Amino acid sequence: MPSKTRRYWLLKSEPDCYSIDDLQRDGTTFWSGVRNYQARNFMRDEMKPGDGVLYYHSSAEPPGVAGLAEVVREGYPDHTALDPEDDHYDPKSTPENPIWMMVDVKFVKKFSGIIPLSELKETAGLEKMMVTQRGSRLSVQPVTPEEWKIVTKMRK
DNA sequence: GCCAACGTTGGC
DNA sequence: GCCAACGTTGGC
């Protein structure tokens with residue numbers, strides 16, 4: 001029987017586009033619009049229902065972790081890639097060969113205050129966390145259990 | 001608004 | 001298959 005270990009992720013979203021408050025309002029959303037193969041592979045192959053998600057606000061003031069979410073549906077085709085009207089339309093994607101994948105996530109909590117990136121960078125144990133590395137652009141990042149434990153204890 | 005870092009594209 | 005050019009991301 002395959003082991004059922006809970007894994008952890010960091011998902012970036014620009015709050016001007018879709019914030020933690022939007023997720024709280026909606027309860028659940030599909031994580032569409034990712035057009036990077038490495039991030040796609042994580043969603044297609046590795047993210048499973050029950051996995052924990054750090055909800056990160058990028059291009060925000062300040063950028064940082066705004067709250068928690070949880071994966072509720074594993075990877076399935078991202079229909080926004082098939083819609084010529086959509087900003088994320090990709091003509092390379094077809095119903096037969098959808099290329100791009102998304103997962104569904106649900107709201108878990110909004111932190112009492114955002115954890116700024118600057119604070120993550122100063123926190124012992126997070127020196128190697130992907131989001132604290134310079135030039136880290138990946139919008140779906142794996143988080144280690146140790147990093148998850150540290151970050152989730154930083155706010156209520 | 002700037003620009004470093006990174007990913008993708010396309011000519012060869 | 002190399003790599004220069006280009007586009008995008010995202011912190012600052």
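Naming: A, B, ... by sequence-line order, numbering from 1 per chain. Nothing here was measured: the structure is a model prediction, and the numbers come from that model.
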Provide, to the nearest angstrom, the distance between the [atom1] atom belonging to [X] and the [atom2] atom belonging to [N].
{"X": "His57(A)", "N": "dC12(C)", "atom1": "NE2", "atom2": "P", "answer": "17 Å"}
{"X": "Asp16(A)", "N": "dT9(C)", "atom1": "CG", "atom2": "P", "answer": "14 Å"}
{"X": "Asp87(A)", "N": "dT8(C)", "atom1": "CG", "atom2": "P", "answer": "12 Å"}
{"X": "Glu119(A)", "N": "dG11(C)", "atom1": "CD", "atom2": "P", "answer": "16 Å"}
{"X": "Gln38(A)", "N": "dT8(C)", "atom1": "CD", "atom2": "C1'", "answer": "16 Å"}
{"X": "Leu11(A)", "N": "dT9(C)", "atom1": "CG", "atom2": "C1'", "answer": "16 Å"}
{"X": "Arg35(A)", "N": "dT9(B)", "atom1": "CZ", "atom2": "P", "answer": "13 Å"}
{"X": "Asn36(A)", "N": "dT9(B)", "atom1": "CG", "atom2": "P", "answer": "11 Å"}

Query raised in the report: So, Arg35(A) and Asp78(A), do they make that salt bridge, N to O below 4.0 Å?
Result: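 A salt bridge is present here (some side-chain N lies under 4.0 Å from a carboxylate O).
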Please check the phosphate of [N] (OP1 and OP2 only) for any side-chain N or O of [X] closer than 4.0 Å.
{"X": "Lys12(A)", "N": "dT9(C)", "result": "no"}
{"X": "Arg134(A)", "N": "dA5(B)", "result": "yes"}
{"X": "Tyr56(A)", "N": "dT9(C)", "result": "no"}

Query raised in the report: Of the nucleotides dT9(B), dC12(C), dT8(B), which has the atom closest to the Tyr37(A) side chain?
Result: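 Out of dT9(B), dC12(C), dT8(B), the nucleotide with an atom closest to Tyr37(A)'s side chain is dT8(B).
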Requested in this report: From the options dT8(C), dT9(B), dA4(B), select the nucleotide whose nearest atom is closest to the side chain of Lys92(A).
Outcome: dT9(B)
Report task. State yes or no: are the ring centers of Trp31(A) and Tyr55(A) separated by less than 6.0 Å? Result -> yes
Query raised in the report: Looking at CG of Asp83(A) and CG of Asp87(A), how far apart are the two atoms once the value is rounded to the nearest 0.5 Å?
Result: 9.5 Å
Requested in this report: Would you mind reporting whether Trp148(A) and Arg6(A) have side-chain heavy atoms less than 4.5 Å apart?
Outcome: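 Arg6(A) reaches Trp148(A) side chain to side chain.
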